[in-house]
Amino acid sequence: MAASCTFAVSAPFGASSSSSSARRSRRFGVVAMASVGQKVYVPGVAVSEGNGGLPKISLKSPQGSEAEIYLFGGCVTSWKVPSGKDLLFVRPDAVFNGQKPISGGIPHCFPQFGPGAIQQHGFARNVNWSITDSEVTEGDPAVTLERKDDSYSRSMWDFSFQALYKVTLHSTSLSTTLTIINTDDKPFSFNSALHTYFSASIAGVSVKGLKGSKTLNKDPDLKNPLEGKEEREEVTFPGFVDCVYLGAPSELTLDNGLGDKIVISNTNWSDAVLWNPHLQMEACYKDFVCVENAKIETVQLGPKESWVAEQKIELI
């Protein structure tokens with residue numbers, strides 16, 4: 001699945017020149033055109049060649065924050081706050097060859113979370129996405145990616161769909177909006193998650209906000225998780241952790257052990273997952289933690305119906 005880095009932009013649309021507008025926004029529709037190499041986006045949005053020659057989107061805010069998104073997998077791989085510190089983590093074994101999902105950042109899990117009838121975590125993290133729109137609102141750059149069904153997706157999940165993924169960079173936060181639309185003439189069901197890797201010093205990591213949530217603990221048996229209830233005010237990571245939290249609250253606070261506190265808030269991601277592989281990844285487990293917004297309960301969509309979920313990660 002080699003990726004192309006040639007994109008062009010159609011004429012601007014939806015731009016307003018009114019100085020009285022409450023939110024000043026400029027937008028550009030973006031279409032893929034293999035014959036044109038010119039790339040024009042709103043200020044703060046650029047496309048270049050990234051690792052392995054894969055096309056990479058760069059977002060830059062006037063305050064100095066930055067983010068990087070690979071079209072392969074629609075994967076955010078970097079989120080730097082104005083200090084220059086990257087709060088996301090990409091594993092040292094990550095491969096940028098367009099053949100294997102990028103291990104790190106914010107990978108997609110769709111239309112399946114975990115193992116199941118199709119490939120682990122579904123195919124969305126293992127295919128190319130395209131750019132459909134870029135905009136800047138009050139200085140905050142944003143880009144919208146799109147993925148539709150094709151012969152590859154239909155070979156394992158035989159439904160027509162459209163996925164839209166909007167990523168917006170703010171001065172001290174990063175927001176994402178995932179929209180799944182059923183474009184088929186029959187209903188389908190799916191699960192989803194944002195498998196976010198945060199940079200961390202695992203010995204000092206804690207997550208607050210999960211007390212009282214129902215748990216499905218995959219330690220020690222991944223195939224037969226133990227049901228329970230989270231009793232701790234702060235969840236820590238003294239060893240292997242792989243736990244699903246059903247009906248999780250819409251806001252969690254991560255202390256990454258590196259002197260940073262990050263609020264992870266969401267709308268419509270009803271569940272959460274905490275993961276650290278411990279000695280299963282001895283080379284890097286001390287340097288990251290996964291705190292994932294998820295939809296473990298199956299979502300059912302009829303023809304023309306849609307599902308939307310939002311996430312915001314913010315340094316406080």
Side-chain angles (χ1 to χ4, degrees), residues 1-4 32 52 54-55 69-77 90-91 93-132 144-167 176-197 216 218 222-225 242 244 268-271 273 275 277 290 292-309 311:
M1 275 169 269
S4 170
L54 298 178
I69 311 155
Y70 277 78
L71 291 185
F72 183 73
C75 186
V76 179
T77 55
V90 175
R91 283 167 27 193
D93 62 342
V95 177
F96 291 81
N97 62 3
Q99 301 295 323
K100 181 181 178 181
I102 297 171
S103 300
I106 310 179
H108 288 277
C109 301
F110 173 85
Q112 175 182 288
F113 176 77
I118 63 176
Q119 61 184 249
Q120 173 87 358
H121 290 320
F123 51 74
R125 63 184 188 145
N126 201 33
V127 292
N128 291 313
W129 294 58
S130 61
I131 305 172
T132 63
T144 299
L145 308 185
E146 179 185 55
R147 178 68 202 183
K148 294 182 177 181
D149 59 284
D150 59 10
S151 59
Y152 175 71
S153 69
R154 282 182 167 273
S155 69
M156 61 189 94
W157 195 65
D158 193 17
F159 298 101
S160 176
F161 72 93
Q162 179 187 26
L164 296 170
Y165 187 53
K166 182 178 180 180
V167 181
T176 63
T177 302
L178 177 64
T179 303
I180 305 297
I181 304 167
N182 182 348
T183 57
D184 213 315
D185 57 5
K186 57 184 180 292
F188 63 63
S189 60
F190 67 90
N191 312 104
S192 188
L194 296 178
H195 199 310
T196 309
Y197 288 70
L216 297 175
K218 298 181 182 181
L222 295 174
K223 295 182 179 180
N224 295 289
D242 190 353
V244 172
N268 215 26
W269 291 108
S270 59
D271 311 306
V273 181
W275 180 65
C290 285
E292 310 168 34
N293 277 319
K295 191 71 173 179
I296 303 301
E297 183 180 356
T298 300
V299 178
Q300 303 276 354
L301 285 185
K304 313 307 178 187
E305 291 183 344
S306 62
W307 175 83
V308 181
Q311 171 176 275

Looking only at heavy atoms, what is the nearest atom pair of [X] and [Y], with distance?
X      : Y      : value
Pro303 : Lys186 : CG-N, 3.7 Å
Lys218 : Val244 : CE-CG2, 4.1 Å
Leu301 : Ile180 : CD1-O, 3.6 Å
Val273 : Ala294 : CG2-CB, 4.1 Å
Ser155 : Tyr152 : OG-O, 2.5 Å
Val90  : Gly105 : CG2-N, 4.1 Å

Mutual orientation of the aromatic rings belonging to Phe123 and Phe161 [parallel < 30°, tilted 30-60°, perpendicular > 60°]: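 Plane angle between 30° and 60°, so tilted.
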Plane angle bin for His121 and Phe113 - parallel if under 30°, tilted between 30 and 60°, otherwise perpendicular: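 Rings of Phe113 and His121: tilted, as their planes differ by 30° to 60°.
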Can any side-chain N or O of [X] pair as donor or acceptor with the backbone N or O of [Y] at less than 3.5 Å?
X      : Y      : answer
Asn182 : Gly302 : yes
Ser192 : Cys109 : yes
Asn293 : Trp269 : no
Thr144 : Thr132 : no
Gln112 : Ile118 : yes
Trp275 : Tyr197 : no

Test side chain to side chain contact (heavy atoms under 4.5 Å, CB included) applied to Ile106 and Tyr165, step by step: CA-CA 12 Å; Ile106 310 179; Tyr165 187 53; 4.1 Å; yes
Aromatic contact, Trp157 with Phe190 (centres under 6.0 Å): no
Thr183-Ser160 side chain donor-acceptor pair, cut-off 3.5 Å: yes
Side chain to side chain contact (heavy atoms under 4.5 Å, CB included) assessment of Asn126 paired with Phe72: CA-CA 7 Å; Asn126 201 33; Phe72 183 73; 3.5 Å; yes
Step-by-step side chain to side chain contact (heavy atoms under 4.5 Å, CB included) determination, Arg154 to Phe159: CA-CA 6 Å; Arg154 282 182 167 273; Phe159 298 101; 5.7 Å; no
Stepwise side chain to side chain contact (heavy atoms under 4.5 Å, CB included) check, His108 with Leu194: CA-CA 5 Å; His108 288 277; Leu194 296 178; 3.9 Å; yes
Partners meeting salt bridge (charged side-chain N to carboxylate O under 4.0 Å, His left out) with Asp150 (sequence neighbours left out): Arg147
Salt bridge (charged side-chain N to carboxylate O under 4.0 Å, His left out) against Asp93, all qualifying residues, sequence neighbours excluded: Arg91
More than 12 heavy atoms from other groups under 6.0 Å of CD on Glu305: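 Correct, the count exceeds 12.
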